[in-house]
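See structure below.
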Amino acid sequence: MEKPTLPKGTRDFGPAQMAKRQFIFNTIRSVFQKYGFQPLETPAMENLSTLTGKYGDEGDQLLFKILNSGDFLKDANQENLTTGNWKLVTGDISEKGLRYDLTVPFARYVVMNRHEITFPFKRYQIQPVWRADRPQKGRYREFYQCDADVVGTDSLICEAEIILMIKEVFKGLGIQNYTIKINHRAILSGLAELCKGGNETSLFVAIDKLDKIGEEKVKEELRSRGFADANLTEVFEILNFKGTTAEKIEFITQKFANSEAGKKGISDLTQVLQLLKDFNTTEEHVEFDIALARGLSYYTGCIFEVKINNVAIGSVSGGGRYDNLTGVFDPNDKKSGVGFSFGVDRLYDAMEELKLFPQEAQISSKVLIAHFDAESKKYGLGVLQQLRVQGIASEIYPDAVKIQKQLEYANKKLIPFVIVIGSEEVKSGMLAIKNMKTGEQQKLSVEEVINLIK
RNA sequence: GUGGGUAUAGCUCAGUUGGUUAGAGCAUCAGAUUGUGAUUCUGAGGGUCGUGGGUUCGAGCCCCAUUACUCACCCCA
């Protein structure tokens, strides 16, 4: 018989992992809801026409496509088949694909439902997405994103609130050493204006790697992409400027004196920082990083990225403002949106590495009822029901087996208390309750047991 | 898409210049213990060494192919 396996880059999540994952999901969800976001779910699959062209050529390559049902060759163009033009054949035999992120399906939803939606619309969405790239550390083909976006307002309060939410989620998860990097697309544009010639995107992609590969490697890459060293002097002067956020802003304000884009970026950023003060929060964990660029082509305003320090995993959260997302589906409907996303799978890996999962989050039942014989098992059912009425998660060992085995079961399931029932307990009504951590055992009435555990 | 690495028990891994019957820890099961787990002691089960071919008197080890996994690059959560 052939051994069953999983598709590359996908995982099962057993009870132990699910307990930890749900701890993350619950933390994020409760923060989203506290900030007034409402839930949304969209289908796992979208029409390919909805997805293609939104993520650039690279992104189109990484889309999982779904083969048409039935005789999918029926409608395929014979010429495409014989010439072996796979890209054209793909379009003939596949019209659906798995979602690549949550932002594009959200934009589609907004355009389709704009008459029912009250703007500004704040939605959160926690669902898996799929990417057909080669898996590696911290990178899967199926992974969950937790998105929160606001569409229909260009207020910078949204940007400030994103920072607040990130801080609150990380506090809830117990992650302390992290950095929220912030930048602005217009500041990047200002930077591009300072070096004449060369492709803007190539510049952003290259400088984004600055802290990873260093100045020399970045310059090397830029040279290979047609940038002249002489034109890069001022760019690197800015990128290498060290100082506080306020000092950085002052420095680039002089540099961007003649740049409309640069001035707009600085103004937005300054306002966001001021709003943080108005919210009575500090700039702790927030870092203005002029080299931060994000790949997705639709960001137009502030951009964010969150990294957990001392953990070798990519960013665990990112986002930004896009002025033109709905415009992709309807050119007459250009709504401004801003949003961000947590990568649960990377948060999980990072928290595992940092040993941040609290053990309480892994407890399922609080009590197990163990029994010595049929009569005590029967008696235990009544006790079990009383516990459950009190809202205590509890279970009884269903089979008649040795007490050893029942205690082992509790031990493995991390159940903290075991009520042992035998003929003595049935007779007296006093229950033997054992604390599995300390090993202590005492005789208590049902009411006393409930008070102890609750 | 490009380039490395790995593949031996359910899991994590040893395995000498190629040499008889392939080992350990953990896990599982049984017992020490007929009203007590995690700790301790004793014992047991479990492997066509990823797959296919080649070299050799002889291959877990060397060579070729293939598949899976994994790490890095591109890009990204």
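Sequence lines set the chain letters: A, B, ... in the order given, protein chains first and strands last, and positions in each chain run from 1. Predicted, not measured: the structure shown is a model, and the values here were computed from it.
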Self-check item: Per-nucleotide protein contact string for nucleotides 30-37 of chain B (B base, S sugar-phosphate only, - none; heavy atom under 4.0 Å)
Solution: -S---BBB
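- Taking the six-membered ring for Trp and the full ring otherwise, A:Tyr100 and A:Phe64 have centroids separated by 6.0 Å or more.
- In this structure, CD of A:Glu220 is placed 13 Å from P of B:C74, rounded to the nearest angstrom.
- Side-chain N/O atoms of A:Tyr55 and A:Gln61 include no donor and acceptor closer than 3.5 Å.
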Quiz item: Would you write out the dot-bracket form of RNA chain B, 5' to 3', with Watson-Crick and G-U pairs under 3.5 Å, [ ] for crossing pairs, | for pairs to other strands and . for unpaired bases?
Solution: (((((((..((((.....[...)))).(((((.......))))).....(((((..]....))))))))))))....
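- Taking atom CG of A:Leu102 as the reference point, atom P of B:C76 lies 17 Å away to the nearest angstrom.
- Enclosure of atom CG in A:Asp12 is not indicated, since only 12 or fewer non-hydrogen atoms of other residues, nucleotides or ligands lie within 6.0 angstrom.
- In this model, the phosphate group of B:A72 is approached by a side-chain N or O of A:Gln136 to a distance below 4.0 Å at OP1 or OP2.
- As rounded to the nearest Å, B:A30 and B:C62 have P atoms that lie 41 Å from one another.
- Rounded to whole angstrom, the span from the CZ atom of A:Arg141 across to the P atom of B:C76 amounts to 18 Å.
- Seen from the ring of A:Phe106, A:Arg123 counts as a face-on cation partner, given the 6.0 Å and 45° thresholds.
- A:Leu431 places none of its side-chain heavy atoms less than 4.5 Å from the side chain of A:Leu444.
- As judged by a 4.0 angstrom heavy-atom cut-off over every strand, A:Ser315 is placed among residues touching the sugar-phosphate backbone only.
- If you take atom P in B:G31 and the same atom in B:A38, they sit 14 Å apart, rounded to whole Å.
- Residues A:Phe170 and A:Tyr178 place their aromatic rings such that the two centres sit under 6.0 Å apart.
- When all heavy atoms of A:Gln406 and A:Ala370 are compared, the closest pair comes out as OE1-CA, 3.0 Å.
- For the C1' atom pair drawn from B:U28 and B:U67, the interatomic distance equals 30 Å after rounding to whole Å.
- The aromatic ring centroids of A:Tyr124 and A:Phe32 lie less than 6.0 Å from each other.
- One C1' atom belongs to B:A14, the other to B:A24, and the distance between them is 7 Å to the nearest Å.
- For the pair A:Asp133 CG and B:A72 P, the computed distance is 13 Å after rounding to whole Å.
- Comparing A:Pro135 and A:Asp345 by the nucleotide of RNA chain B whose heavy atom lies nearest to each, the residue mapping closer to the 5' end is A:Pro135.
- B:G54 and B:G10 are spaced 33 Å apart, taking the C1' atom of each and rounding to whole Å.
- Rounded to whole angstrom, the span from the CD atom of A:Gln61 across to the C1' atom of B:G1 amounts to 8 Å.
- Within the 4.0 angstrom heavy-atom criterion, only backbone atoms of the sugar-phosphate kind lie near A:Lys209; the bases stay farther away.
- Stacking here means ring centres nearer than 5.5 Å and ring planes tilted less than 30 degrees, and by that measure A:Phe143 stacks onto B:A77.
- Residues A:Tyr144 and A:Phe25 place their aromatic rings such that the two centres sit under 6.0 Å apart.
- Within the nucleic acid shown, A:Gly59 has no heavy atom closer than 4.0 Å to any nucleic acid atom.
- Separating the NZ atom of A:Lys413 from the P atom of B:A38 is a distance of 18 Å, rounded to the nearest angstrom.
- Spacing between B:U39 and B:A32 at atom C1', rounded to whole Å, works out to 15 Å.
- Within 3.5 Å, a donor on the side chain of A:Arg134 pairs with an acceptor on the base of B:U2, or the reverse.
- As rounded to whole Å, 11 Å separates atom P of B:C74 from atom CG of A:Asp208.
- Geometric assessment of A:Arg11 against the ring of A:Tyr140 yields a positive cation-pi assignment under the 6.0 Å and 45° thresholds.
- B:C71 and B:A27 have their P atoms separated by 27 Å, with the value rounded to a whole Å.
- Side-chain atoms of A:Ser376 and A:Asp373 form a donor-acceptor pair, as typed in the model, at a separation below 3.5 Å.
- Between B:U55 and B:G18, the distance separating the two C1' atoms is 12 Å to the nearest Å.
- Regarding A:Tyr140, its OH atom lies at a distance of 14 Å from the P atom of B:C69, rounded to whole Å.
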